[in-house]
Amino acid sequence: MKNQLHALALIAMSATCALTAFAQPTWNVGETILNEYDLVSGVNIPWELTWGPDDMLWCTTREGDVLRIDPASGVYETVLSLNVNDSGVEPGLLGMALHPNFESEPLVYLAYTAQNFANGNHERLSVFYWDGTSLGNEQILHIVGAAGIHNGSRLLVLPDNTLLMSTGDMGDGGVSSQNDNSDNGKILRFNLDGSVPADNPDPSSYVYTKGHRNSQGLCVGPNGVIYSSEHGQYNSDEFNILEAGRNYGWPNVEGACDGICDWCNAGAEESFCETNNVPEPLKTWSPCAAVNDLIYYDHPAIPEWQGSVLMAVLGGFSSPVGGRLEVLHMSEDGLTLEGSEMFFTEFNQRMRDVAVNPYTGAIYLALNGPSYTGNGPNLIKEFRPAATDGVTEWKDERGLDIYPNPAVDQVQFRVSEAWVGQAYQVMDLQGRVWAQGQLQSGQTMDVSSWPAATYLLHAQSNGAHMTRVLNVQ
Ligand SMILES: [Ca+2]
């Protein structure tokens, strides 16, 4: 399947490209040019971003919504609004994974912290049925502990059709992480029906690996290698290869087994590693960079990134570099890290997640604003390789473009047929309305009297939303 898609993309790249007439910000990755687009704006804390088997981009927001986004236009519909407990700084609706045979089994897995439990906070792993319009028929597969911080929750379907879920230590200092009777501070592995896989390390337990603090990044690389990222305490964020049954050391080990600890007992770290066969991370970050979700990039459209793990980085409190995309170049067998690079540091935005368009090789980044815990403006950006921008093999219907952007005095709209006549509003980040009307292609808007600021355009049509960012200078 993947190779077919790559072949498709190569055909597309060699075809004559209808380059967009409207200048976009561009980025250089070696010799590859990426065109930057704002795909979705104005949604609060996009957390998981994943390419669906239905060729749509699926997104969770921490406040409890599941969005299904048309990756061509950015038009999205809210297909589920959950009543979540997002009262702390980190809980809410978090991880999501789609059933690999989505066409015949249209199921969506979600991890979220729920309200109104008799026993206090809990985190659910639930599966929902997609009826083509919305998600419903919740079935709770498993429950673990939840708290205001450290809820893990990244979900990943493996090539053997089992499901991984990371769980956090709930800020308990790692007590749960080494407790074999707790499912917190672990990576859990499920069959897709919620049962325990017979080949789990302990066939009576969901636990796949233990000794985790708060892992929020999972992906699969070549030969089924599983990568994870892990938030450290003050230092020693980690990038690991997950191996069944292994102990990753928290809270007795931080980062490498080198006797350097903030939280753990430095004098005992190396002996704990030896006794418990703790794997060494492939890379660590000190002070913490707040390393988040991962995806393995193997598309020819950005050859400089082929065979790399792309990691969304939030940017830690004392990290010398803020939010970014980190590109971790892996050896061909996926087992060795050969080098790393940083991109998009200029945005100064917390980057939560990354997804890939299998046709064009474009990447999508969920940006959570400049400050913890993710106050806006929140954006989903697309970085589309110029060579695959506008190709006919892939939908190139943008829906709406505003140009020039940034603007000084006048802007013009380009509107696709389906959106002509639909109502729109342009608001500033405080929610004040600066313009409204019906979308018309070619219409102009005078912004010469508007204060220099970022504005959000929002249009709505039968439950579908389209958003754009307009920067006035
Ligand atoms: Ca250490």
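As the structure lists them, so they are numbered: ligands from 1, and atoms in each ligand from 1.
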Please round to the nearest 0.5 Å and tell me the distance separating atom NE2 of His299 and atom CD of Gln306. 8.5 Å

Report the distance from atom CD of Glu326 to atom CE of Met351, rounding to the nearest 0.5 Å. 11.5 Å

Positive for side-chain contact (heavy atoms from CB on, under 4.5 Å) with Asp353, one of Ile380, Asp293, Ile295: Asp293

Sidechain N-carboxylate O distance under 4.0 Å for Asp86, Arg62: no

List-wise, which protein N, O or S atoms are found short of 3.0 Å from the Ca ion (ligand 1)? Glu254 O, Ala256 O, Asp258 OD1, Ile260 O, Glu269 OE1, Glu269 OE2

How are the rings of His465 and Tyr76 set to each other: parallel, tilted or perpendicular (split at 30° and 60°)? parallel

Please determine whether ring pair (Phe, Tyr, Trp, His ring centres under 6.0 Å) holds for the pair Phe343 and Phe383, giving the CA-CA distance in whole Å, both sets of side-chain angles, and the decisive distance to 0.1 Å. CA-CA 12 Å; Phe343 292 89; Phe383 298 87; 9.9 Å; no

